[in-house]
Amino acid sequence: MAYGPNQRQLNPDPLLTNVLVENANVGGWLGPMLSAIKPVGRDFVRYGKKDTKTLLSNFRSTLRAPGSRANLLPRTVIEWLTSLVTEDAVRVEYTEEDVAEAVSVAQPRVDAARQIANILMFGQELAVAELFKPAGFAAANKTAASGLWAGSTAKSLYDVESAKAVVAERSGVEPNYIRIPRKKIAAWIGSDEIQKNPQGVYSEMMRGVLAGGLPQTFLGLKILIGTVRNDTTATGALSPSFIWDRDTLANTVHVGYSPTLAGGAWDGDSPAFVGQFENQMRGTAFAANEYLSPHFQEDGVHIVHGNVRRSAPQVFNAELCFAITGV
């Protein structure tokens, strides 16, 4: 498998329809970081959707008269939901002739497994990105930028700090990431707000730019830049775009909290904006198995079959992400 610099991405075969990822990506796949994953041993899961207002009630009001029973706190679970772990599957075929012409006997098998893993990962990435479109956010969870993050209009410091405050106030959790469209980075870094700042407020970010070419953190938030590319044209001339720079996502910044970025695994219950449940009962999520065609003696076809058993991303806590539109 060909992994990228961040050890999280698989580099697809450039000829694979609808999937193009450059070898020098730093951002790569964002789905597993933004949408926490919980392994489960069955095809469905039940989880409790909690009322955050109840969780943030006044716990100090516990005084009681001598001999009285303890005060009863209201139940936090207001709704039980069931999620089905869906299955997607693809296969790649190659022949004995491909094996004979390959550099090594393992090359066709490795190429097939890589294509399968990437097309399945691509599908999940696209599903996660769809949930981050600002059109699906409530009015209280999004706002327009104070000005374009470019030239003399940028007020990113104000916009991001305001978004952080909303997330913290409404959820009780401090955000830990900011997702920025890849194509907005250059104009943002070149804005008057950053370039003409005499106090060095942005030195943290600029050190990352000078060292790695892309900013790494901003105002204490991990910067996430999705650079998985796709093309909506199956054949003909390519006009690729980033999954995370499509439609309104191309002009939207997200500030939020992810338990994955907090350094731990997700238990399927603790705060997360979106989460996925993954059935690993039959091995890893992106399993690839090889077997021979039933007519192998005639056609010499090898079949590499792969599947992913993971729930479509679901919104668990809308208060843990805030969208800044029109950047």
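Note that the structure is predicted; figures quoted are calculated from it, not measured. Side chains included, hydrogens not; waters and symmetry mates left out as well; all remaining heavy atoms used. Counting from 1, the numbers follow the sequence of the chain as shown.
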Got a sec, which residues hit side chain to side chain contact (heavy atoms under 4.5 Å, CB included) with [X], two or more places apart in sequence or on another chain?
{"X": "S68", "value": "R64, A65"}
{"X": "K133", "value": "E130, R246, D247, T248, L249"}
{"X": "A89", "value": "H305, N307"}
{"X": "V40", "value": "K38, V45, V85, F277"}

Q.
What's the separation between atom CG in L224 and atom CG in L261, rounded to the nearest 0.5 Å?
A.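 Answer rounded to 0.5 Å: 5.5 Å.
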Q) So, do V253 and F322 sit near enough that their side-chain heavy atoms are less than 4.5 Å apart? A)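 No, side chains not in contact.
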Q. Taking the side chain as C-beta and beyond, is there a heavy-atom pair between R182 and I225 under 4.5 Å?
A.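 SC-SC contact between R182 and I225 confirmed.
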(Q) Main chain of F132, side chain of H254: is a donor-acceptor contact present, judged purely on distance under 3.5 Å? (A) yes
Taking salt bridge (Lys or Arg N to Asp or Glu O under 4.0 Å) as the cut-off, I'd like each qualifying pair that reaches into [range], sequence neighbours left out, listed once.
{"range": "residues 289-300", "value": "R109-E290"}
{"range": "residues 93-108", "value": "R91-E93"}
{"range": "residues 143-168", "value": "E161-K164"}

(Q) Under 4.0 Å between a side-chain nitrogen and a carboxylate oxygen: does that hold for K184 and D245? (A)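 No, K184 and D245 are not salt-bridged.
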Q) Quick one: ring-ring contact (aromatic ring centres under 6.0 Å, His included) pairs with a partner in residues 147-180, sequence neighbours left out? A) W149-W188
Q. Which residue pairs pass the ring-ring contact (aromatic ring centres under 6.0 Å, His included) test with at least one member in residues 85-113, sequence neighbours excluded?
A. Y94-H302
ILVMFWY cluster membership beyond [X] - transitive side-chain contacts under 4.5 angstrom:
{"X": "Y291", "result": "V301, I303"}
{"X": "F44", "result": "L84"}
{"X": "I37", "result": "none"}

Measure across [X] and [Y] and return the closest heavy-atom pair with its distance rounded to 0.1 Å.
{"X": "N279", "Y": "G41", "result": "OD1-C, 4.1 Å"}
{"X": "Q314", "Y": "L131", "result": "N-CD1, 4.1 Å"}
{"X": "L34", "Y": "V274", "result": "O-CG2, 3.4 Å"}

